Amino acid sequence: MSDIEKNLRAEAKKLLEEKKVDYVIGYEESNGKVSPCFIDNAKDVEKLVFNPGCVHNLSVYLLEADAENKVGIVAKGCDSRAIIELIKQNQVIRDNVFILGISCDGVKDLLGKDYDKCKNCKYPVPLIYDVLLGEKKEGKEEDYSDVEEIESMSLEERKKFWNKQFEKCIKCHACRNICPLCYCEECALDDKNWVSKSHKFPEIWMSHLIRALHTAGRCVSCGECERACPVNIPLRKLYRKIGKDVKELFDYEAGVNAEDVPPLVAFDLDKDKEKIKQN
Amino acid sequence: MQNPYLPYKATIKSVKQETPDVKTFQLEPCNFEYMPGQFLELSILGIGEAPISITSSATRKILEISVKLMGQVTGALHELEAGDSVWIRGAYGNGFPLERFEGKEIVFVGGGIGLAPLRSLINYLIDKKNFKKIYILYGARTPDDLVFKDEFDVWNKIKNVELHVTVDKGTDDWKGNVGVVGALLKKINIAPDAVSVVCGPPIMIHFVVKDLKSLNFSDDRIISTMERMMKCGIGKCGHCNIGEKYVCIDGPVFTLGDMKGNREFKI
Amino acid sequence: MQNKIIKKVIKKDKIKNWINELMKNYKVIAPVKEGDEDVFFRIIKSADDVCMDFQNTVLSPKEFFFPKSEKIFEFEGDEISDSGSKIGRKRILFGARPCDVHGLTILDNVYKGEFNDPYYLQRRENTTIISLACSEPDENCFCKSLGTGPVLCDADIIITDLGDRYFIEAKTDDVNLVNFDIIKEAAPGDVELKDIKQKESEDKITRAIELNKNLDDLHLEAESRKCLGCGCCTYICPTCTCFDVSDESMISKQKGKRFRCWDSCMFPSFALLAGGENTREEKSDRFKQRFYHKFKYYPEKYGKVMCVGCGRCTRKCPVNTDVVKIINYNKLDCNY
């Protein structure tokens with residue numbers, strides 16, 4: 001057992017025993033696979049694991065917690081950004097969550113391959129936590145080469161690329177449901193006046209583009225949408241493009257600094273008009 | 001191969017405002033066969049399709065539906081007038097078990113728009129004259145919410161038909177009963193082999209079934225018609241699945257006995 | 001007439017020639033590789049596109065019988081035109097895995113009956129199925145416990161990998177599909193080798209679902225807690241049949257169409273009544289419905305479970321919900 005895992009169980013045990021939280025959201029292992037799990041009882045903390053299979057961004061489960069619930073949550077660097085953003089967007093009350101931050105060495109898929117998001121991970125250490133497990137470490141430089149590859153395509157090529165991808169979409173909404181920042185109680189994608197339930201063009205385009213624009217300034221690039229997609233649409237590329245634009249236009253990076261005001265909140269048409277024009 | 005998903009055109013012959021949010025539409029389709037307790041799928045093109053119970057009796061050679069304004073389809077229907085067309089397909093569902101009523105006392109308990117499917121059976125039985133006695137116990141929220149008011153007198157004049165009406169909340173000029181519909185059961189003397197037919201909102205059914213049980217109605221003598229989300233009406237789309245049953249083809253009429261033990265059945 | 005089985009072999013390097021022959025008279029749907037590792041069924045334009053080396057396709061071939069979306073009719077003003085159920089060119093579904101072929105027989109039960117679903121049934125009747133037996137089933141497969149296996153299925157023709165050649169078993173009805181010079185009579189050795197390969201493949205399937213267990217509501221509720229409520233498991237399932245019917249129109253409502261599309265019992269809107277009442281309000285209610293439908297209600301009606309052991313839902317669930325684990329769950333194992 002790694003030290004992180006040992007310390008994680010000890011911290012979780014303490015939290016539950018001292019009734020500082022009602023339950024802890026963490027990871028468990030069964031049949032060689034890692035799943036999210038909910039520990040309600042201190043005697044069950046031995047279930048908790050932390051290993052390279054712990055890819056899930058557990059912060060999505062914070063949205064299901066009741067307002068009076070105190071919740072412990074295991075968070076890697078990327079996951080912590082979602083928590084920051086959720087707090088900023090008034091979806092999560094800071095005092096209601098106890099963040100078991102984990103300094104992350106990267107997670108891997110079932111074949112042992114690194115996830116794309118880990119290859120150039122900028123924030124391996126959580127940006128918000130109540131206790132940190134593991135040593136602090138440096139992140140890597142932001143690398144948008146995946147986005148630039150698509151940006152360099154001609155309009156026609158890009159359209160062809162995304163058409164090919166979106167044709168695969170079955171509208172299972174895994175991308176939306178797994179996204180911690182897709183917290184709207186009523187979603188435009190469920191409203192047939194916005195998007196019909198059809199799988200034909202342009203409905204699939206509309207679904208994905210509505211989501212891309214809606215998560216602008218909120219998406220923290222955790223890549224869960226892409227991982228959840230059963231037909232492997234490279235959704236992270238799409239959302240990172242928006243993330244890159246937001247960064248360039250507003251100098252804002254979602255989920256990094258709790259003090260930064262989200263651009264969609266702070267946007268001032270008069271002040272920011274010139275900036276938008278230039279781009 | 002015949003396409004059961006294709007509706008055919010029907011013309012609205014007349015529209016009658018029953019209550020502020022219920023209208024009765026008489027439709028004129030080309031040969032449409034149905035039995036009491038069955039429903040049809042009603043389309044408003046561009047809006048969608050919804051299952052609607054039939055409220056008339058085929059013995060009178062008419063087709064009527066009474067529709068409460070609930071969602072998009074019913075909303076659009078309420079905008080229509082005599083002469084407009086709608087699209088229908090059906091009739092679907094098992095309908096009421098008619099043989100169970102022959103020569104029997106039948107107690108109808110209806111709440112609000114829940115009287116609509118019951119009316120189909122009531123008028124069918126009246127026309128066929130093969131019953132011992134019919135009790136109609138009907139309740140609505142307020143006097144304004146009572147449907148088929150014009151028919152009350154007609155029913156009252158028929159031998160062996162007894163109507164009792166109540167409202168949850170009366171008005172100044174309301175002289176009738178005030179209280180829940182289940183309380184009306186105390187006003188009548190029911191034969192031990194009487195059969196009951198109940199339809200109304202879930203909460204009403206919950207209490208009426210309790211009342212009927214206390215009057216020793218066995219589970220197979222409590223009959224109701226069920227509402228579920230439905231799309232195809234013909235047992236394919238899966239929406240109306242409740243436990244091992246499909247409301248559209250196994251129902252919508254069930255006895256309490258049919259449903260007891262069904263995992264998803266709650267009353 | 002009793003259908004006799006014709007046994008033949010074809011060299012692997014002649015497979016494309018065979019497909020080319022088939023394409024002359026049929027629309028051929030076959031596995032095509034897209035991206036690095038994903039294989040999807042596509043209507044092929046060239047035999048060169050066909051991929052014969054894959055564990056299983058990302059999506060089952062269900063969508064070629066029960067499409068994601070399909071038009072029921074179009075309307076303009078006050079008239080509708082039946083534009084949905086047209087019989088196209090005869091089709092061959094090439095390379096479907098036995099589990100997925102089994103899935104179609106499960107769909108058949110639903111779309112046949114007192115009412116026939118013309119869209120599905122016409123496509124089904126119009127399609128000959130050439131199944132490609134599995135030689136490398138993966139650790140999530142459990143077809144053997146559900147009445148089929150990596151080779152056995154109800155296809156019209158089954159082909160099995162024998163190394164440098166494929167073994168072909170065809171019903172006499174389909175003799176014209178295997179009557180080409182490139183396809184030779186099987187030798188006794190081929191039959192023997194096919195049996196060995198079949199056994200090898202069957203032995204690789206180690207997971208099994210136990211069908212004699214009752215579903216445990218408390219366990220399902222506990223498992224549902226991590227469920228995200230997406231429709232992934234139901235949409236990638238070769239046996240899920242549910243659909244929604246919806247109208248789409250111009251703002252004026254004067255012109256539009258009615259279509260049906262896949263729908264999922266995992267979505268909150270699935271059991272939502274027009275008046276706002278939801279008969280499956282909780283996520284756990286919806287989660288349970290999926291298992292009860294597949295492993296209890298359907299079997300009560302049709303005598304077999306609504307699952308073929310393809311393992312897709314387990315492989316693809318974003319939070320690793322495992323169907324075998326859930327069904328095989330034994331109360332004694334648990335401390336809830």
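Only a predicted model underlies this, so the values are computations on that prediction, with no experimental measurement involved. These numbers come from the heavy atoms of this one structure, side chains and all, not from hydrogens, waters or symmetry mates.
To the nearest 0.5 Å, atom CD of residue C:Glu277 and atom CZ of residue B:Arg228 are 7.0 Å apart. C:Arg258 CZ to B:Tyr5 OH: the interatomic distance, rounded to the nearest 0.5 Å, is 12.5 Å.
Looking at C:His293 and B:Asn241, their side chains never bring a donor and an acceptor atom within 3.5 Å of each other.
Contacts between B:Ser43 and chain C at a heavy-atom distance below 4.5 Å involve backbone atoms as well as side-chain atoms. Looking at C:Lys301, only its side chain comes within 4.5 Å of chain B, counting heavy atoms on both sides. Heavy atoms of B:Leu69 lying under 4.5 Å from chain C are absent altogether. For C:Asp263, the part sitting under 4.5 Å from any heavy atom of chain B is the side chain, from C-beta outward, and nothing else. Proximity to chain B is limited to the side chain of C:Tyr292, based on heavy atoms less than 4.5 angstrom apart. Contacts of C:Tyr111 with chain B are made by both backbone and side-chain atoms, with heavy-atom separations under 4.5 Å.
Nearest heavy atoms, B:Gly238 versus C:Cys242: CA-SG, 3.6 Å.
For the set B:Lys245, B:Lys236, B:Glu244, the entry with the most heavy-atom pairs within less than 4.5 Å of chain C is B:Lys236.
Using non-hydrogen atoms only and a strict 4.5 Å limit, the part of residues 86-96 of chain B facing chain C consists of B:Trp87, B:Tyr92.
A salt bridge is absent between B:Glu264 and C:Lys288; no separation between the charged side-chain nitrogens and carboxylate oxygens falls under 4.0 Å.
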